[in-house]
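Input: a single structure, listed below in structure tokens.
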Amino acid sequence: MNCFHKHPTRCSWRQNAHFLLHLKLRLKYYSTQMSQASILQKIRDVKPLHQAHAHIIVSNLSENVFLCNRLMNAYASCGLVSKAQIIFSQIPNKNLVSWTILLSGLTKNGRFFEAVEVFYGMMVLQIRPNEITIASVLPAFGKLGRVLLGKSVHCYWIRCNFGDNVFVETGLIDMYSKFGCMRIARNVFDNMSVRNVVSWNAIISGYSDNGYGEEALRMFNLMKRKGMSGDIFTVMSLISLEDFRVGSGIHGLIVRSGYENDPLIRTALMGLYINGNFVNDAYRIFEEINKKDLVAWTSMLRGFSRSGNWRRTIEHFNKMMGENMIDYVSLITMLSGCSCSGALQQGRRMHALVLKTGFQDDLFVGSAVIDMYANCASMIDAKRYFGGMVERDAACWNALISGYGMIGCGNEAIVTFLKMKDSGLSPDESTLVSVLCACSHAGLVEQGLRIFDQMTKVWNLIPNLKHYACVVDLLGRSGRIYDAYLLTKRMHLKPGLEIYSSLLTACKIHRNFELGDEISRELIELKPNDAGHYILLSNMHALAGNWDCARMSRISLKSSNLKKNPGLSSMEINGEMFTFMASQTDHPHYLEIRDFLEGLILKIKAAGYEPDTDSVLLDVSDDVKRDILFHHSEKLAIAFGLMRTKPGAVVRITKNLRICDDCHLASKFVSKVCARVLVIKDAKRFHVFRDGVCSCRDWW
DNA sequence: TTAGGGTTAG
């Protein structure tokens, strides 16, 4: 039996035009407030609405609160919430309904900050909200993470003893789910006397969004047993469930639900394939969507960009421009793509497009531009854009701080952090991550510890696992492995992957093989499907000279059928992206790169470079080790960059993994011998090689 | 009252 029902269709323009005709006729014969108001309620299109508004002004009814409320509602429903705000400001005798309509208009149009401001305005004027006001404002608290405000409104609602209200209760479930408080959300759900499909959807998507897949499925099955039909929202919340995909198969559910051809469902499925790195499957679905909207186009853009296919990313973006499918989200997606691949030239074009399209004052776009420049090691541009912004939020500051961190300017990062506090803006969880990372990259241990202490004690910020991972990294890198280890035992959270990874890296740097071995085993137990841990364990044994153990780790990796992420270096030349993989002899430019590289190695050897064969953690002869070293992806990229760019030009390379000791050493010599600046971004930070010295001062 | 694309870290 099909347990899904279709969602209602929206009013068409034709229907609206029909209402307009009736509006005129009715106004002519019954010029009562009631008839105009009831018509306003049905208008869902801009054109007839403007005409109705004009008619109300002409009829001298613009001070009528009842009509104005309806007009505001109609404007807000068409997405013209600014119009509703103007009308609201002009109503002489606003009532609770006026406030509530404004609030719900703002939340429905995603303007949550303003909604909360309006709510505060009501509090100041001592206007007591009713159930509808509360239900309207709850989504804003949820979306903005205003936990205290949300909880106090919940208390107010209980105190007022309004009684059961499915709208408020469902809003509370949604809000607490967004806060990540699933226990409270479930408590509200369990105490409801009446539940509708929205309430069930709220609790299912709450569990699903918070990573409790099994519980989400359990609730879905319970919902079916209770005889409740699901709808498109139910399917949406189940689509992203890993358990569900693995178990019953998502396609079966979609076909049974009858939403197979729904563009929204298809876009959600695209996202699923993109996240699983199946870009071609996502593209197949994308092509099948008849009316592709902005979201579908942008989702596909993310897919191409994420898969590293730069040529298709650019082609797709150009098509979007041709189809007039560009908005601030697509710009952010493209900026983020440039940021990940270090594509500075394309990034500059995006910056120009931001100015051309008029999104330069948008905070989200702004932080994405700053992040792009920061990830292309162009802090001058990042700072200039930041300086020119009319308004800045925490994300903009954080992008700047982490930019300084990545390039190794720890002091600049701390100064920016202090300026952020002086500006009156509260640092958030990400600020602490950014500033701690910056301290870690620059080796500023004491400063980092002081900031962590201050943020947690003075600012009352509850440290999460990421923060602890940063502190463990900070201590571990500086050699205080035992302190880092003690912290993991003392903290109030159970150590996760990030913590153990940081500890393990520290063990590798400082050759603490005993603890390293213990941590590796913890890591493998925690996430057995990650090839990286086996590699680290093997490398650790190799460093200690335990070749048998190293081999055993590699064998267990092989037998588990896990594949290591291959090391890739990429670089942008004249807007085109070139990618190199270690020992890739089938690269179209392999022969010329090899010849150039041989000459380059001879030159740097003459200047004193000695290959660091310890970087090859395999039990092979030194000759083979040298051969492997000379074919690392970074070296291939450096050679290609020197060949293809003008003398004196900066060579910029992005690597997906961390740079190895030997490539780091060789880059220093290359920068001196060839009189070139090399900017290499690895998985964590930048290395700027200039005149034989690296900006990281060999600390990474 | 609930849904598909996006920024800061990793």
Side-chain angles (χ1 to χ4, degrees), chain A residues 7 104 107-108 131-132 134-139 142 165-175 177-178 195-206 208-209 231-240 259 262-272 274 289 293-303 325 327-337 339 362-372 374-375 392-403 405-406 427-438 464-467 469-470 473 497-498 501-502 683-684:
Chain A
H7 59 299
S104 80
T107 49
K108 275 177 196 157
E131 304 100 298
I132 305 172
I134 292 172
S136 305
V137 77
L138 289 177
N165 182 304
V166 71
F167 282 69
V168 173
E169 287 160 327
T170 306
L172 286 169
I173 295 169
D174 179 57
M175 181 186 80
S177 301
K178 298 248 175 358
R195 300 181 192 102
N196 60 19
V197 64
V198 187
S199 327
W200 282 97
N201 289 343
I203 195 76
I204 292 172
S205 65
S208 160
D209 293 345
D231 62 8
I232 193 163
F233 292 87
T234 328
V235 183
M236 281 291 195
S237 31
L238 293 172
I239 280 185
S240 54
Y259 294 119
D262 191 288
L264 258 76
I265 293 285
R266 288 200 165 167
T267 316
L269 263 180
M270 276 172 65
L272 200 68
I274 288 166
I289 300 175
D293 66 2
L294 248 170
V295 180
W297 277 97
T298 313
S299 186
M300 202 57 243
L301 182 71
R302 182 179 145 255
M325 283 287 178
D327 72 345
Y328 73 106
V329 180
S330 48
L331 282 173
I332 291 167
T333 309
M334 200 57 198
L335 281 163
S336 160
S339 163
D362 184 279
L363 287 171
F364 277 61
V365 174
S367 50
V369 174
I370 298 165
D371 169 66
M372 179 275 293
N375 272 290
R392 302 165 190 110
D393 65 0
C396 299
W397 285 93
N398 297 348
L400 199 65
I401 294 169
S402 63
M406 279 188 293
D428 63 11
E429 291 178 350
S430 298
T431 318
L432 185 55
V433 176
S434 306
V435 77
L436 287 175
C437 278
N464 59 30
L465 276 176
K466 279 178 198 163
H467 300 136
C470 289
D473 194 61
L497 281 174
E498 304 102 321
S501 302
S502 297
K684 294 226 170 174

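Predicted, not measured: the structure shown is a model, and the values here were computed from it. Residue numbers begin at 1 in each chain, while the letters A, B, ... track the order of the sequences.
- Residue A:F233 has its side chain nearest to B:dT2 when only B:dT1, B:dA9, B:dT2 are considered.
- For the pair A:K178 and B:dT1, the criterion of a side-chain N or O lying under 4.0 Å from OP1 or OP2 is not met.
- Between the CD1 atom of A:I239 and the P atom of B:dG5 there is a distance of 10 Å, rounded to whole Å.
- Set against B:dG5, B:dA9, B:dT2, the side chain of A:S330 has B:dG5 as its closest nucleotide.
- Other residues, nucleotides and ligands contribute at most 12 non-hydrogen atoms within 6.0 Å of the CD1 atom of A:I132.
- Taking only side-chain nitrogens and oxygens, A:R266 never comes nearer than 4.0 Å to OP1 or OP2 of B:dG4.
- The base of B:dG5 lies close enough to the side chain of A:D327 for a donor and an acceptor atom to sit less than 3.5 Å apart.
- A:L301 comes within 4.0 angstrom of nothing in the nucleic acid, heavy atoms only.
- Look at CH2 on A:W297: it is 17 Å from P on B:dG6, rounded to the nearest Å.
- With hydrogens and angles left out, the side chain of A:S367 and the base of B:dT7 share a donor-acceptor pair within 3.5 Å.
- A:V295 comes within contact range of at least one nucleobase, with a heavy-atom separation under 4.0 Å.
- Residues passing the salt bridge (charged side-chain N to carboxylate O under 4.0 Å, His left out) test with A:D174, sequence neighbours excluded: A:K178.
- To the nearest angstrom, P of B:dA3 lies 10 Å from CE of A:M236.
- At the heavy-atom level, A:V166 lies under 4.0 Å from base atoms of the strands shown.
- In terms of phosphate contacts, A:S299 brings no side-chain nitrogen or oxygen within less than 4.0 Å of OP1 or OP2 of B:dG4.
- Between the side chain of A:T333 and the base of B:dG6 there is no donor-acceptor pair of N/O atoms closer than 3.5 Å.
- Residue A:W200 contributes atom CH2, which lies 22 Å from atom P of B:dT1 at whole-angstrom precision.
- Atom-to-atom distance recorded for A:D231:CG and A:M236:CE is 10.5 Å, nearest 0.5 angstrom.
- Picking from B:dA9, B:dT8, B:dG5 the nucleotide with the shortest atom distance to the side chain of A:A399 gives B:dT8.
- For A:D428 and B:dT7, the CG to P distance is 15 Å, given to the nearest whole Å.
- Here the NE2 atom belonging to A:H467 is positioned 7.0 Å from the OG atom belonging to A:S430, to the nearest 0.5 angstrom.
- Judged as a side chain to side chain contact (heavy atoms under 4.5 Å, CB included), and not counting sequence neighbours, the contacts of A:K466 are A:V433, A:N464, A:E498.
- Between the side chain of A:D371 and the backbone N or O of A:A374 there is no donor-acceptor pair closer than 3.5 Å.
- Among the nucleotides B:dT2, B:dA9, B:dG4, the one closest to any side-chain atom of A:S402 is B:dA9.
- Counting atom types as modelled, A:T267 pairs a side-chain N or O with a base atom of B:dG4 as donor and acceptor under 3.5 Å.
- As rounded to whole Å, 13 Å separates atom P of B:dA9 from atom NE2 of A:H467.
- Here A:A135 lies in heavy-atom contact (under 4.0 Å) with sugar-phosphate atoms only.
- When rounded to the nearest whole Å, the span between CG of A:L294 and P of B:dG6 equals 13 Å.
- For A:D293 and B:dG4, a side-chain-to-base donor-acceptor distance below 3.5 Å is present, hydrogens and geometry of angles not being considered.
- Here A:F364 packs flat against the base of B:dG6; its ring centre is closer than 5.5 angstrom to the base's six-membered ring, tilted by less than 30 degrees.
- Regarding A:L432, its CG atom lies at a distance of 17 Å from the P atom of B:dT8, rounded to whole Å.
- A:I173 contributes atom CD1, which lies 5.5 Å from atom OG of A:S199 (distance to the nearest 0.5 angstrom).
- Listed nucleotides B:dG4, B:dT1, B:dT7 differ in distance to A:V198; the shortest reach to its side chain belongs to B:dT1.
- Side-chain nitrogen and oxygen atoms of A:S336 include at least one within less than 4.0 Å of the OP1 or OP2 phosphate oxygen of B:dT7.
- Among the atoms of the strands shown, base atoms are found under 4.0 Å from some heavy atom of A:N196.
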